[in-house]
Amino acid sequence: MTYCLLFYIFFKVGLFTIGGGLASVGLLNEYLVAPGYIASDTFYNMFAISQSTPGPIGVNMATYVGFEQFGLLGAIVATFGLVLPSFIIITTIVYTLKSFNKSKYVVAAFFGFRPAAIGIILSVGYMLIMNSVLDIDRGIAIDINLQIKGVLFFSVLFASIRYKIHPLICVLVGGVIGGIFL
């Protein structure tokens with residue numbers, strides 16, 4: 001992998017991802033794991049760490065992948081590649097949308113983006129479950145510890161939503177659970 005390829009991959013992910021960092025995980029998997037730039041286990045560990053650290057998941061993931069590939073300069077290149085399309089698009093929209101913000105077509109387009117973004121995020125969640133808890137090729141559970149981790153993870157997730165537990169507490173509980181079953 002080169003700096004140019006790293007920039008290109010993250011620029012493309014930033015350009016074609018609608019719905020935030022979780023929606024970008026599928027593309028990152030396709031562009032980084034499938035060609036063999038990053039091992040599957042390493043990718044899912046990077047995703048877990050990126051999700052656990054403060055800040056947007058996509059930016060955290062870009063910074064982490066860039067740093068793992070090329071150090072500090074790689075982190076800067078990957079992060080810049082990811083955010084540059086959004087910067088260009090938002091800047092363009094600000095200058096051109098002022099006259100179109102009441103258009104029924106613009107309102108309808110943004111209304112249509114919502115379910116598409118939710119669908120993308122749900123498909124990424126499905127992919128993560130299938131790759132981290134189940135063996136996709138055989139369709140069976142890999143390891144009882146992974147099943148226990150999955151049940152505990154979704155229990156913490158459910159509890160955090162149901163009882164409105166602060167996210168920091170959920171991250172700490174998740175870290176303790178991961179440490180116990182490592």
Side-chain angles (χ1 to χ4, degrees), residues 5-38 40 42-66 75 77-137 139 150 153-162 164-165 167 170-171 174:
L5 181 60
L6 181 69
F7 176 84
Y8 175 72
I9 287 171
F10 281 98
F11 185 86
K12 201 158 62 167
V13 168
L15 184 62
F16 294 113
T17 300
I18 297 173
L22 285 176
S24 69
V25 174
L27 284 176
L28 288 172
N29 186 39
E30 180 182 332
Y31 297 148
L32 296 172
V33 176
Y37 297 124
I38 296 176
S40 180
T42 303
F43 178 79
Y44 291 111
N45 288 336
M46 286 178 167
F47 173 74
I49 291 170
S50 296
Q51 194 169 15
S52 300
T53 54
I57 296 168
V59 173
N60 290 347
M61 191 76 170
T63 305
Y64 194 0
V65 170
V77 167
T79 305
F80 182 69
L82 183 76
V83 299
L84 184 60
S86 297
F87 177 77
I88 292 169
I89 291 168
I90 294 301
T91 303
T92 304
I93 288 173
V94 164
Y95 287 113
T96 60
L97 195 61
K98 288 181 181 179
S99 62
F100 296 108
N101 65 354
K102 302 286 188 216
S103 167
K104 66 180 179 179
Y105 300 112
V106 172
V107 171
F110 281 109
F111 185 73
F113 287 148
R114 290 182 195 132
I118 290 169
I120 291 170
I121 291 170
L122 289 175
S123 71
V124 167
Y126 175 77
M127 178 192 72
L128 290 171
I129 290 169
M130 295 303 289
N131 285 316
S132 63
V133 178
L134 300 176
D135 184 348
I136 295 173
D137 295 333
F153 169 77
F154 284 108
S155 298
V156 169
L157 181 64
F158 174 77
S160 71
I161 293 169
R162 173 72 172 92
K164 297 182 181 9
I165 298 172
C170 294
V171 169

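Atoms considered below: every heavy atom in the structure, side chains included; atoms not considered: hydrogens, waters and symmetry mates. Please read all numbers here as calculations on a predicted model, not as lab measurements.
The minimum heavy-atom distance between Ala78 and Gly66, with the atom names listed, is CB-CA, 4.0 Å. Residues Gly14 and Ser86 come closest through the heavy atom pair O-OG, 4.3 Å. Closest of all the heavy-atom pairs between Ser24 and Val13 is CB-CG1, 3.6 Å. When all heavy atoms are compared, the tightest approach of Phe43 to Val25 is CZ-O, 3.7 Å.
Leu84 is listed as a side-chain neighbour of Phe7, based on a closest heavy-atom distance under 4.5 Å. Between Lys12 and Leu27 there is no side-chain heavy-atom pair separated by less than 4.5 Å. At least one side-chain heavy atom of Phe10 sits under 4.5 Å from a side-chain heavy atom of Leu32.
Here Phe87 pairs with nothing under the ring pair (Phe, Tyr, Trp, His ring centres under 6.0 Å) rule; sequence neighbours left out. In terms of the ring pair (Phe, Tyr, Trp, His ring centres under 6.0 Å) criterion, Tyr37 has no residue partners (sequence neighbours excluded).
Pairs passing the side-chain hydrogen bond (donor to acceptor under 3.5 Å, both in side chains) check and including a residue from residues 54-66, sequence neighbours excluded, read Thr53-Asn60, Thr63-Thr79.
Distance check: Ile38 CD1 to Asn45 CG gives 11.0 Å after rounding to the nearest 0.5 Å. Distance check, rounded to the nearest 0.5 Å: OG of Ser52 to CZ of Phe47 gives 9.0 Å.
For Phe80, the CZ atom sits in a loose shell: 12 or fewer heavy atoms of surrounding residues, nucleotides or ligands are nearer than 6.0 Å.
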Using the side chain to side chain contact (heavy atoms under 4.5 Å, CB included) rule, take Ile89 and Leu15 through it: C-alpha gap first, then chi angles, then the decisive distance, then the call. CA-CA 9 Å; Ile89 291 168; Leu15 184 62; 3.9 Å; yes

